[in-house]
Structure formats: C-alpha cells, structure tokens
Amino acid sequence: MANLVLTIISLLAIGWTVVHAGEPSPLQDLCVADFNSPVRVNGHACLDPKKVTADHFLFKGLNIPGNTSNPLGSFVNRPTVGQIPGLNTLGISTVRVDYAPRGVVPPHRHPRASEILTVLEGTVLVGFVTSDPENKLFSKVLKKGDVFTFPFSLVHFQQNVGHDNAVTIAFLSSQNPGVIPIANTVFGSNPSINDDLLAKAFRVDKSIIHDLKSPY
C-alpha cells in the first residue's frame, strides 16, 4: 500500500511539473504592466486597475508590410508586453514576418516559448532541429494557409523560397518569448568569444572565425 501511495504522489508531482512548464496562469482578470514600478516578479507589476484603459490591450500596425531591404531580406514585427502592456501575465504574444524573395529568418530560438506559424502569403521553407545527440531536422515547405509548430526553445528557421514576397504570422506561448539568433550570439557576443575556442568548436581555421565575426 505504501508503494502505491508513493507511486501516485510521484505521478502527481510529474504531472504538476509538466502542466506548469510554461508561464503560470494569472490570478486576476488583468494585470496591465506598470513600466514605472521597480518591482519585477517574473514579469511586471500590475498597474492600478483604475488607470487601465482599452488602449493598454491595443497594438496597431501589424497589417503594414515591413522593410525587407536588408542583408537578411526579412523584417520582423514583434509586439510583446513592451508594446502591449495588457499582455502582462497572459503568456501569449504574436509576430509578423515579411520576406523578400530568398529572404530568411536565420536559425534562432525562443528561450521562453513554443511557436505556431501560419503562412499568409507566399511559399516559405521552415524547420527546426531537435536537441543533441539526435540533432534531427524536421522541415517542410509551406504555402498560403499552412500551419507549422516549433517546439519549446528549439532552434528553428524560415526562408521565402518563392518568387514573390511572403508574409507569415505566428503566436508564441509567452508575453516576452525572447529571441536568441545563433550567429549573432556566437559570433557577435560582447565581449567576443575566444577565436581559438570557436575554431575548435566549429572545426575550422581561426581565419574563418575572424571572417564570420567581421559583420558584427
């Protein structure tokens, strides 16, 4: 009997951990971010409800195409809690990406979120890679109306593989998912990561590491 009780307690503990792996559920109807408060408890303190207006839940401009005339050929419009204070404690956010032909969103990860992406226009190659040691690539070419999911915190990417411009919109499971671009992080850190270490890690000559760092 004691073993059965211990087993049930263990299963409940595991279930609790899985259910609460993301951001916690809010304890009130709304908690609009108070950016002037010095208090930070895994998010922003709540603004006085008497000061809350509908504008705290509003963001305008996600319908406006972004400027893709840059080296990546893409533009990311990512309103998070910083732009929509009403997102505070809700555990969600959204992002629009515009792509020129061959434009890319390079390999990156969101340390605090999973993501679901929908193609609004164009043809977009997407994919993610599982963790070591498998490092398995899951990839698809998506067309208008197709949906693809990127699991929590895994490295993923997008590229417009069509002849025309493309647009995607995505939703993430965090009010502030964060983004860690792999190339920027590795080759553009401040202070810089040691060239010898990176050369060994990538199994290339130091001169290549120097070239990779030069844009940053």
Side-chain angles (χ1 to χ4, degrees), residues 12-66 74-99 105-121 124 126-128 130-131 138 142 144-158 166-182 184-185:
L12 288 172
I14 293 171
W16 180 269
T17 301
V18 171
V19 169
H20 289 78
E23 296 180 1
S25 298
L27 299 178
Q28 60 282 314
D29 288 345
L30 51 88
C31 177
V32 171
D34 183 355
F35 299 126
N36 295 319
S37 172
V39 177
R40 294 288 186 275
V41 185
N42 197 27
H44 297 277
C46 300
L47 184 68
D48 182 347
K50 295 178 181 177
K51 297 180 180 179
V52 173
T53 70
D55 286 338
H56 287 115
F57 303 89
L58 175 68
F59 177 83
K60 292 185 177 182
L62 211 62
N63 61 310
I64 300 173
S74 65
F75 182 89
V76 180
N77 191 346
R78 186 186 297 113
T80 61
V81 68
Q83 293 73 44
I84 312 175
L87 282 180
N88 195 41
T89 75
L90 298 187
I92 54 171
S93 58
T94 188
V95 58
R96 169 184 170 140
V97 182
D98 290 272
Y99 313 76
V105 175
H108 64 286
R109 56 184 288 266
H110 303 292
R112 296 179 290 275
S114 51
E115 178 179 351
I116 184 167
L117 175 147
T118 301
V119 177
L120 300 182
E121 297 291 343
V124 181
V126 301
F128 67 87
T130 62
S131 55
F138 290 87
L142 307 181
K144 183 176 181 179
D146 290 345
V147 178
F148 197 82
T149 300
F150 303 121
F152 191 94
S153 195
L154 293 186
V155 174
H156 57 284
F157 58 85
Q158 297 109 256
V167 182
T168 62
I169 191 166
F171 300 94
L172 300 101
S173 61
S174 172
Q175 67 185 44
N176 187 24
V179 60
I180 302 177
I182 305 306
N184 299 44
T185 303

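Side chains included, hydrogens not; waters and symmetry mates left out as well; all remaining heavy atoms used.
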Pair up each side-chain donor or acceptor in residues 114-121 with any protein partner under 3.5 Å, not counting sequence neighbours, and list the distances.
residue, atom, partner, partner atom, Å
S114, OG, S173, OG, 3.1
E115, OE1, H110, NE2, 3.1
E115, OE1, H156, NE2, 3.1
E121, OE2, K144, NZ, 3.4

Nearest atoms (heavy-atom pairs only) where [X] meets [Y]:
{"X": "F75", "Y": "G66", "result": "CD2-CA, 3.4 Å"}
{"X": "S131", "Y": "L154", "result": "N-CD2, 4.3 Å"}
{"X": "G86", "Y": "L90", "result": "O-CD1, 3.2 Å"}

Task: Test side chain to side chain contact (heavy atoms under 4.5 Å, CB included) applied to L47 and H56, step by step - done: CA-CA 10 Å; L47 184 68; H56 287 115; 3.8 Å; yes
How long is the straight-line distance from [atom2] of [Y] back to [atom1] of [X], given to the nearest 0.5 Å?
{"X": "R109", "Y": "I182", "atom1": "CZ", "atom2": "CD1", "answer": "7.0 Å"}
{"X": "N63", "Y": "N77", "atom1": "CG", "atom2": "CG", "answer": "9.5 Å"}
{"X": "S153", "Y": "I180", "atom1": "OG", "atom2": "CD1", "answer": "7.0 Å"}
{"X": "F138", "Y": "T149", "atom1": "CZ", "atom2": "OG1", "answer": "12.5 Å"}

Side chains of [X] and [Y] in contact at under 4.5 Å (non-hydrogen atoms):
{"X": "R78", "Y": "V179", "answer": "yes"}
{"X": "P85", "Y": "V81", "answer": "no"}
{"X": "I92", "Y": "L87", "answer": "yes"}

TODO: Check step by step if side chain to side chain contact (heavy atoms under 4.5 Å, CB included) holds for F171 and V95.
DONE: CA-CA 6 Å; F171 300 94; V95 58; over 6 Å; no
Open item on the list: Using the rule given for side chain to side chain contact (heavy atoms under 4.5 Å, CB included), can you reason through T53 versus V32, listing the C-alpha separation, both sets of side-chain angles and the distance that settles it, and then say yes or no?
Closed with: CA-CA 9 Å; T53 70; V32 171; over 6 Å; no
Task: Inter- and intrachain pairs under side chain to side chain donor-acceptor pair (under 3.5 Å), touching residues 87-97, at least two apart - done: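 Only N88-Q175, R96-D98 qualify under side chain to side chain donor-acceptor pair (under 3.5 Å).
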Open item on the list: According to salt bridge (charged side-chain N to carboxylate O under 4.0 Å, His left out), who are the partners of R112, at least two apart in sequence or on a separate chain?
Closed with: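 Counting only residues at least two positions away or on another chain, R112 forms no salt bridge (charged side-chain N to carboxylate O under 4.0 Å, His left out).
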- [ ] Give the ring-plane orientation class for F128 versus F148, where under 30° counts as parallel, over 60° as perpendicular and anything between as tilted.
- [x]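 It falls in the tilted class, 30° to 60°.
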Task: Evaluation steps, side chain to side chain contact (heavy atoms under 4.5 Å, CB included), between V97 and Y99 - done: CA-CA 7 Å; V97 182; Y99 313 76; 3.4 Å; yes
Task: Proximity of H108 and F157 rings by center, below 6.0 Å - done: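 They do not qualify: ring centres at least 6.0 Å apart.
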